[in-house]
Structures are given as C-alpha cells and as structure tokens.
4 protein chains.
Amino acid sequence: MKKDKKFQIVLDTFSGVPFYKQIIEQIKYGIANKKLTSGFQLPTVRQLAVDLTINSNTVSKAYKELEILGYIETQQGTGTFIGNKKIVISEIERQEKIKSLVREIVNKANLYGITIDEIKKALEEVE
Amino acid sequence: MKKDKKFQIVLDTFSGVPFYKQIIEQIKYGIANKKLTSGFQLPTVRQLAVDLTINSNTVSKAYKELEILGYIETQQGTGTFIGNKKIVISEIERQEKIKSLVREIVNKANLYGITIDEIKKALEEVE
Amino acid sequence: MKKDKKFQIVLDTFSGVPFYKQIIEQIKYGIANKKLTSGFQLPTVRQLAVDLTINSNTVSKAYKELEILGYIETQQGTGTFIGNKKIVISEIERQEKIKSLVREIVNKANLYGITIDEIKKALEEVE
Amino acid sequence: MKKDKKFQIVLDTFSGVPFYKQIIEQIKYGIANKKLTSGFQLPTVRQLAVDLTINSNTVSKAYKELEILGYIETQQGTGTFIGNKKIVISEIERQEKIKSLVREIVNKANLYGITIDEIKKALEEVE
DNA sequence: GTGGTCTAGACCACC
DNA sequence: GTGGTCTAGACCACG
C-alpha cells in the first residue's frame, strides 16, 4: 500500500451506503487522521460532484450536514473549509473498528464460499 | 472457521444494503453453494421475520422476487421451497468477488487508519 | 368501439384479481399493442395510486415486478419508463384469449339466467 | 347451447374469484333459477371436492356460509339440503347483470385488442 | 397453520 | 418532485 499524502474521496457504489454518508464519513476520518487540518479548503460542491461523477445535490447535502455538525465552514463566494473542531479516535475505537471489519470480512467470505486463506493471500498481493 | 452445515441468514444492519436484497443474495448463494437444494423448505415467511426481527412483509418481498426469478416455489398454505433452477458461480466470478472484497477491505482500512497488517493479524486470530 | 389513443389503466374491483396483477397485465398488453412504446414515461407511482384510488405501495409492487421482468425501467428521482423488451402476442394467443373470454361469458350468462341473445343484443347497442 | 337440466357447478380457475365464493354464488343462482328446489340434496362435501378437484375445506366453507345465510340445511349423518328460503331476482337486477357483464366484456376485449365483432362472431358459433 | 394482498404512514435517496 | 424501503396491522385464501 503506497503512502497517500493527498486526501481523496473514494465512493463504493456497491456497498449500498448512500454517497452522501460516505462523503461525510471520509471527511470526518480525514479530520481525525489529521489529513484534513483546520483551514484546508475542500473541493467545491460542483468540482467534487464532477470528480465523483455524482449529482451536485448529493455533495451539497454532505457538506451541509458536516457544517451543521461544525466540522466545516462555508464562506459564501469563497469556498468550504475545514473548521477547528477536532475529532479524536481512541485506540479502543480503532480496535473496535478492526474487530467489526474482520467480522464483516468473515461473514462475506463465508457467504460467497471464499476461504480466509484466499483473502489473506489476496491481501499479501496488494502490498 | 468452523464448518457450517445449517443454512442461516445473517443481516448486516449497518451495510445500508436493503434487508430484502440481503436475503435474496444469501439464498441465491445458498443455492449456488449447494447448501440449499431442490425441494428444501425455506423457513416460513413469518418465522424468518421473527428470526431476523424484521417485518414479515420484508421477507415476503424477498421470497416474491426469488419466485419471479424462478429460484423458489411457493405453495399457498404449505410453504416455500427451493426450485430446480441451478445457479453456477464460475471460478472467474469467485475471483472477481475476492478482488472486490479485498478492494473493499483496503478502502475501509485506509479510511479508518487501519493497516493491512493489523487486518491480517486479526484474521489469523479468527481461525 | 371508438379508437383509444390514450393509455389508461382500469381496475375491476369485483373480479377478485389482485390490483397489482391487473396493472401488470394491462401494462404488458399496452406494450404488446404498441400503445406503450420504449421510452414512454408511465404515470408516477403516487399519481397512478391517486388515479386508481389505491395505495401507492400496490402500484409500486406492480412496477417492481414489471422491472424484474425487464419490461420497464425505473430511474430514482426521475420516473418509470417503458423499456426495450418487446412483447409479441401471436394470433394463436389472440384466438385463445377470444375463446376463453367467450367461455367466461357463456358461463356467467348461464349462471345468471341470461341468454346469449340478450348478450348479443346488448353488445349491438354498445357500438 | 344445450339445455342444462342437471345442476352443475363450474369453477373458473383464472377469474381470481375464490372457489368458495363461486360455489356460493352458483348455488344461490341455482335456487333463484329454480334449478335447485327445497329439499334437493346437494352433493356431499367430499364428493363435490372430488368433482371439482379442490380441497374439501373449501367446499365446507361454502356450505357453512350458505347455511348461515339460511339457504341450505345440514342434517348430521344424512346430508345437505336446499332449504325453504326463496331467492327472487328482479328483472331490474337481471338487466343490471347484463349491463355489467357487457361492460366487462368490452373492457377485456379492449384490453386484449379483440374487437366486439370477433366476440359476437365467436358467440354465434357457440350456439 | 401457510402465503398473499392491501393499507396507512414513516423515512430515505436522488434529481 | 421522483422512486425505494420498511413497519404495523388488517383481512383473505388455502390446507
């Protein structure tokens, strides 16, 4: 896995999770990971819509919710910026995330008749 | 991973995938995996609804779609049964599934600041 | 019988045939008769529900089944449209329909003590 | 159409009207038409079920409802008989029936792309 | 008991 | 505005 300096949003079309929620979550985690720091300018609603090839209303909805939550600030005519609000993810939460992700992997693998070994092997190749 | 003889449907409430689609997919994979064979009686609409703690209409909707697609047969007053239609999953499709599952894992790990090594380690412990 | 340019769905409340099946059949015949052609926008789920004074879920169910069968296509947020799939009714099928319709008429007439002559006379007056 | 001396129940599987309702209606009309007169013994529940190849519960349900309505009487161990209650169908009701039947015919013909002439021609041939 | 149909109404995703 | 999902609950047909 190569180091990702630049912040980028990636949508998973098949997960079933609504795009606007994916955007919200990824920006929140970007803040938590310090990839997005106070004052950073987010892409414009229209630009991000084009980049992700989704409707601009969807981006708008995500930004609006993030603003309500206080994570970003919109300045009319200038753009949208990361705010001061901090997000801290505790080690316990991280461990929880790992557990739930693994549980999910095992369930899906099971469902599709995929073995854990196959998953692990495929993961080796990613690196 | 221990061997799972009995067929069981598991819903992921947080995935965002509609319940009825999860049911459809799992039954289809059950047929593909030969865990569900022709003539096998599925749980009743109401029983499955209770088991999954969802509304019976949701189960009904899933069964209905599977019936239209020809995978199951319903007999009013008797129950719902697996039909004759076969589902074959090619090795290519399996490999595709593995790829997409791994892609999903990497994306999520990335998002949450989890390393692949942590995932692999956690997967070891499952076995 | 006057020419019917506009497509319209009519429900028979007393026939005992489920509403959603009547809708499905009429749309299928509309496609077969070329009254509904590829790309045509069907009434919205809610509008048709209002027009037929039935619940929107019932319309939704009909549209859903037609979509699974490939006759119509739905676009979230936009509407529901006739697809490309063709339906051909052979002359043999038409003759079968006539036969079964006549059989039905005779049965009912018989049952209610109505003579075929009365039916024919009443049919003359329709024209 | 040949004269029908004997009373006989005919089920229409495709009408969607439940069997038990068809049975009830036909017996009621039999009484109205004087084809079934007071004291006439109806077939047993089991016999009629066999004749119509339906479940005996269905026949039972029809007879029970007719008994509640007072049209037939059940004598334990002997059989089921037509009661004294008369049913009179007024000429107005008959004319209404004709009208509604014709309306139904026209609707269905319309739907299936059948002309009234074809119906009339087919009706000629029945005689 | 089984599944099937329908309603009323809530909430969501997307344009 | 569009369609989609889900619930709660009623009633029916069939075995």
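Numbered from 1 within each chain, the chains take letters A, B, ... in sequence-line order.
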Would you mind telling me which residue lines up with the more 5' stretch of DNA chain F, D:K21 or C:Y63, judged by nearest nucleotide? C:Y63
Just need the stems in DNA chain F: three or more back-to-back Watson-Crick or G-U pairs, each with both distances under 3.5 angstrom, sorted by first number. E:1-14 with F:1-14
Between E:dC12 atom P and A:F19 atom CZ, what is the distance in whole Å? 18 Å
To the nearest 0.5 Å, what is the distance between CD1 (C:I31) and OH (C:Y71)? 7.5 Å
Starting at CG of A:L11 and ending at P of E:dA13, how long is that distance when rounded to a whole Å? 14 Å
Going by number, which of residues 44-58 of chain B have a non-hydrogen atom under 4.0 Å from DNA chain F? B:I54, B:N55, B:N57, B:T58
Approximate separation, where rounding is to 0.5 Å, of A:Q8 CD and A:L52 CG: 8.5 Å
Can you name the side chain to side chain contact (heavy atoms under 4.5 Å, CB included) partners of A:E93, sequence neighbours left out? A:I89, A:S90
Evaluate A:T80 against A:T44 for side-chain contact (heavy atoms from CB on, under 4.5 Å), listing each step before the verdict. CA-CA 7 Å; A:T80 308; A:T44 66; over 6 Å; no
Is the closest side-chain heavy-atom distance between C:I23 and C:L11 below 4.5 Å? yes
Show the numbers, then the answer: is there a side-chain contact (heavy atoms from CB on, under 4.5 Å) between B:I54 and B:L48? CA-CA 8 Å; B:I54 60 175; B:L48 188 53; over 6 Å; no
Kindly determine whether D:V59 and D:Q47 satisfy side-chain contact (heavy atoms from CB on, under 4.5 Å), including the steps that lead there. CA-CA 10 Å; D:V59 178; D:Q47 187 55 50; over 6 Å; no
Is B:K85 atom NZ crowded by more than 12 heavy atoms from other residues, nucleotides or ligands, each under 6.0 Å away? yes
So C:V17 and C:D12, do their side chains get closer than 4.5 Å, heavy atoms only? no
Would you mind telling me which residue lines up with the more 5' stretch of DNA chain E, C:G77 or C:Y20, judged by nearest nucleotide? C:Y20
Sorted by chain and residue number, the ring pair (Phe, Tyr, Trp, His ring centres under 6.0 Å) partners of C:Y29 (sequence neighbours excluded) come out as D:Y112
Rounding to a whole Å, what distance do you find between A:K61:NZ and E:dC12:C1'? 7 Å
Does anyone know the first and last nucleotide of DNA chain F in reach of chain B, 5' to 3', at under 4.0 angstrom to a heavy atom? F:dT5 to F:dG15
Does anything in residues 52-65 of chain C pair up under salt bridge (charged side-chain N to carboxylate O under 4.0 Å, His left out), and if so which pairs, sequence neighbours excluded? B:K64-C:E65, B:E65-C:K64
